Amino acid sequence: MDRSAITCATVLLVLLPRGASDDRLVLGKPLLPGTTIVSDGGGFALGFFSPTKFTPAKLYLGIWYTDIPRLTAVWVANREAPATNGTPSAPTLSLTDTSNLVLSDAGGRVLWTTNVATGDSSSLPAATGLAAVLLNNGNLVIRSPNGTALWQSFEHPSDTFLPGMKIRVRYRSRDGERLVSWRGPDDPSPGSFTYGMDPDTFLQAFIWNGTRPVARTAPWTGYLTISGQLRVSAGAVIYMAVVDTEEEMYITYRLSDGAAPTRFVLAYSGEYQLQSWGSSEWALVGKWPADECDLYGHCGPYAYCDGTATGAPTCKCLDGFEPASPEDWSSGRFAHGCRRKKALRCGGGGGGFVTLPGIKPPDKFVLVGNRTSEECAMECTKNCSCVAYAYANLSSSGSSTKDGTRCLVWAGELIDTEKVTDVAGTRSDTLYLRIAGLDAGTRPKTSSAVKIVLPAVLLSAILILTSTLAWFKFKAGKKQKRGKHETLVLGNLNTLEHSGEENPTQGFEFSVASFRDIAAVTNNFHESFMIGQGGFGKVYKAKLNGREVAIKRLSRDSEQGIAEFRNEVILIAKLQHRNLVRFISCCIEGDEKQHKKIRARLANTVQHNQRGC
């Protein structure tokens, strides 16, 4: 575990003595230092804190966990204007009759306010029943007497993304929530790093350092609602979703019942981290960026970072390109990227297109709506400045786009690409790269280099989430091979269907298995547990959670990919007979793919209780 990374994401707070608590603030009863508001379930508290014992004079109004011994702030109000600690100048938080929360010092200077716009005085709500309530999920909400939420802290986040929150972008105004890092481990003032969805394309998420991009997710393909799971620990599962509506697109997640406190946090170092509370400290489940390949534009224009190879990631030129500076390239300096081996010319020298398999799509694309595949190709072919295009027909796949298509075109440099392995929940839509030396009228040729994919959202949207969880899974899998991180389970194959096809996994719900648990019950797949062997792998007999099961482990030499694995899962799941095995669950971790079958006499004990494979 990277303990230094955990330290930068955790704040040790020195709390003033705690007084009587309630879950709400009402008119005429201000909150003072030494008192707190505690959520009804007791999980969160609102009050004043000092970030460190070395600067006790600075007070901040914030929300923190109450059920863990190491106090960690998840939201801070007056990040840019700390209050001064001391009896003569003690700050107060008051709820006003204008439906606002106002933090002020003893002299009446306003340090922070909610700025709720309530219109003219005739439209103000009645004072009776107006309250600021701290909910059990850590959200501070100003409620009118009729229960309407007038303001909530979840829409004004600090550095932490909590379960139930939304990170969104609104189509009309192009604004939305962004996480903002702390300036330092004991300094809640706004840092230079932010995380949020791209207001220009609405299809990807970024970590920015000021205005400079640090990391970028792959673009989302356009499904109305995508959901998935990530097992954080034996007793904690994250259920995440990307939702697209007429007004906005947002990412959100929730935790399984009884799970330990778990959160996403944008650390002051610029890392977007997934943390889960252990017995005495925050455990780092995943982080992004995880290596050089995640850094925006690491390999320069027209190059990609190959993070799938054994050992350290390496930069390579796209097909038809060569290093712009061979000397810098051989020395490990990739900022100048690659250049064309043969220049493109308009007209007859405009070149043709080559198919690039397996890579995260580059940044700076333009979305062109309402196009067929041929029309999308023509958009690029007829424009001399267009260097690549990608097309997806999503009309039969629950697309949120009004015309059911996704045509992306690129002009200028192709920047920020990365070779990735197949991950559950990804979808491959080909990108065509224009290079000289090919007939513009010929069918695009497939390159042996890489294939650019438009992942359907468990790769990109989680990265939008985050980016985030499928990417954590993928990165953690790579790190495990290098001996640094444990792999994570991500059980969702619901978006693996090809463009234009009906989703064959629609309606199937299965539990998700942990590879660690499977390895434990089979004594790390010892031969004494093996009961059979076929062309695609070995079958083991074991007891899992008190049930006798058969476990098929696919051979690495079987060349069976995600699609074939999915088809086998669907076939077994559809077979219903008392003399046949019945499908329970599957497991995909790194390059491991297994599914479990229960013996026929125990078939009636199967429970389908989670969306998974």
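Throughout, numbering of the chain's residues begins at 1 and tracks the sequence. Being a predicted model, the structure only gives us computed values, none of them experimental.
Rounded to the nearest 0.5 angstrom, Arg178 CZ and Leu266 CG are separated by 11.5 Å. Rounded to the nearest 0.5 Å, atoms CG (Leu134) and OG (Ser153) are 7.5 Å apart. The distance from atom CH2 of Trp277 to atom CD1 of Ile68, rounded to the nearest 0.5 Å, is 4.5 Å. In this structure, the separation between CH2 on Trp282 and CD on Gln273 is 11.0 Å, given to the nearest 0.5 Å. Atom CD1 in Ile238 sits 4.5 Å away from atom CG in Leu274 (nearest 0.5 Å). Taking OG1 of Thr262 as the reference point, atom CZ of Arg254 lies at 13.5 Å (rounded to 0.5 Å).
Residues Thr72 and Trp64 form no side-chain contact, since every pair of their non-hydrogen atoms from C-beta on lies 4.5 Å or further apart. Under the 4.5 Å side-chain criterion, counting only non-hydrogen atoms from C-beta, Ile63 is not in contact with Ser158. Counting only heavy atoms from C-beta outward, the side chains of Ile167 and Leu179 approach each other to under 4.5 Å. Between Glu418 and Tyr304, every side-chain heavy-atom pair lies at or beyond the 4.5 Å cut-off. Within the 4.5 Å cutoff, the side chain of Val521 has no heavy atoms near those of the Val549 side chain. The shortest side-chain heavy-atom distance between Phe264 and Met165 does not fall under the 4.5 Å cut-off. A 4.5 Å side-chain heavy-atom check between Lys538 and Phe525 finds every atom pair outside the cut-off.
If you look at Phe161 and Tyr195, their ring centroids are not closer than 6.0 Å.
Distance alone, capped at 3.5 Å, is enough to place a donor-acceptor pair between the Thr201 side chain and the Leu203 backbone. Using a distance-only test at 3.5 Å, with no hydrogens or angles considered, a donor-acceptor pair links the side chain of Thr66 to the main chain of Gly43. The backbone N or O of Gly41 lies less than 3.5 Å from a partner atom in the side chain of Asn136, making a donor-acceptor pair. Side-chain atoms of Ser181 do not come within 3.5 Å of backbone N or O of Asp159 as any donor-acceptor pair. Under a 3.5 Å cut-off, the side chain of Thr355 and the backbone N or O of Tyr432 do not form any donor-acceptor pair. Formation of a donor-acceptor pair under 3.5 Å by the Asp416 side chain with backbone atoms of Gly297 is found in this model. At least one donor-acceptor pair closer than 3.5 Å links the side chain of Asn139 to the backbone N or O of Phe154.
In plain terms, the two heavy atoms of Leu414 and Pro362 that are nearest each other are CD2-CG, 3.8 Å.
Cys315 has its SG atom within less than 2.5 Å of the SG atom of Cys299.
No cation-pi contact links Arg216 to Tyr296, judged by a cut-off of 6.0 Å to the six-membered ring centre and 45° from its axis.
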Handout entry: Chi angles and distances behind the ring pair (Phe, Tyr, Trp, His ring centres under 6.0 Å) call for Tyr65, Phe44
Key = CA-CA 5 Å; Tyr65 294 101; Phe44 291 92; 5.1 Å; yes
Practice task
Would you check, one step at a time, whether the test salt bridge (charged side-chain N to carboxylate O under 4.0 Å, His left out) holds for Lys541 with Glu548?
Solution key: CA-CA 7 Å; Lys541 175 184 175 181; Glu548 194 172 34; 3.1 Å; yes
Exercise for the section: Determine, step by step, whether Phe334 and Glu292 satisfy the side chain to side chain contact (heavy atoms under 4.5 Å, CB included) criterion, reporting the C-alpha distance in whole Å, the side-chain angles of both residues, the deciding distance to 0.1 Å, and the verdict. Expected result: CA-CA 11 Å; Phe334 307 112; Glu292 293 89 345; over 6 Å; no
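Using a 4.0 Å cut-off between a side-chain N of Lys or Arg and a carboxylate O of Asp or Glu, Glu177 and Lys166 do not qualify as a salt bridge.
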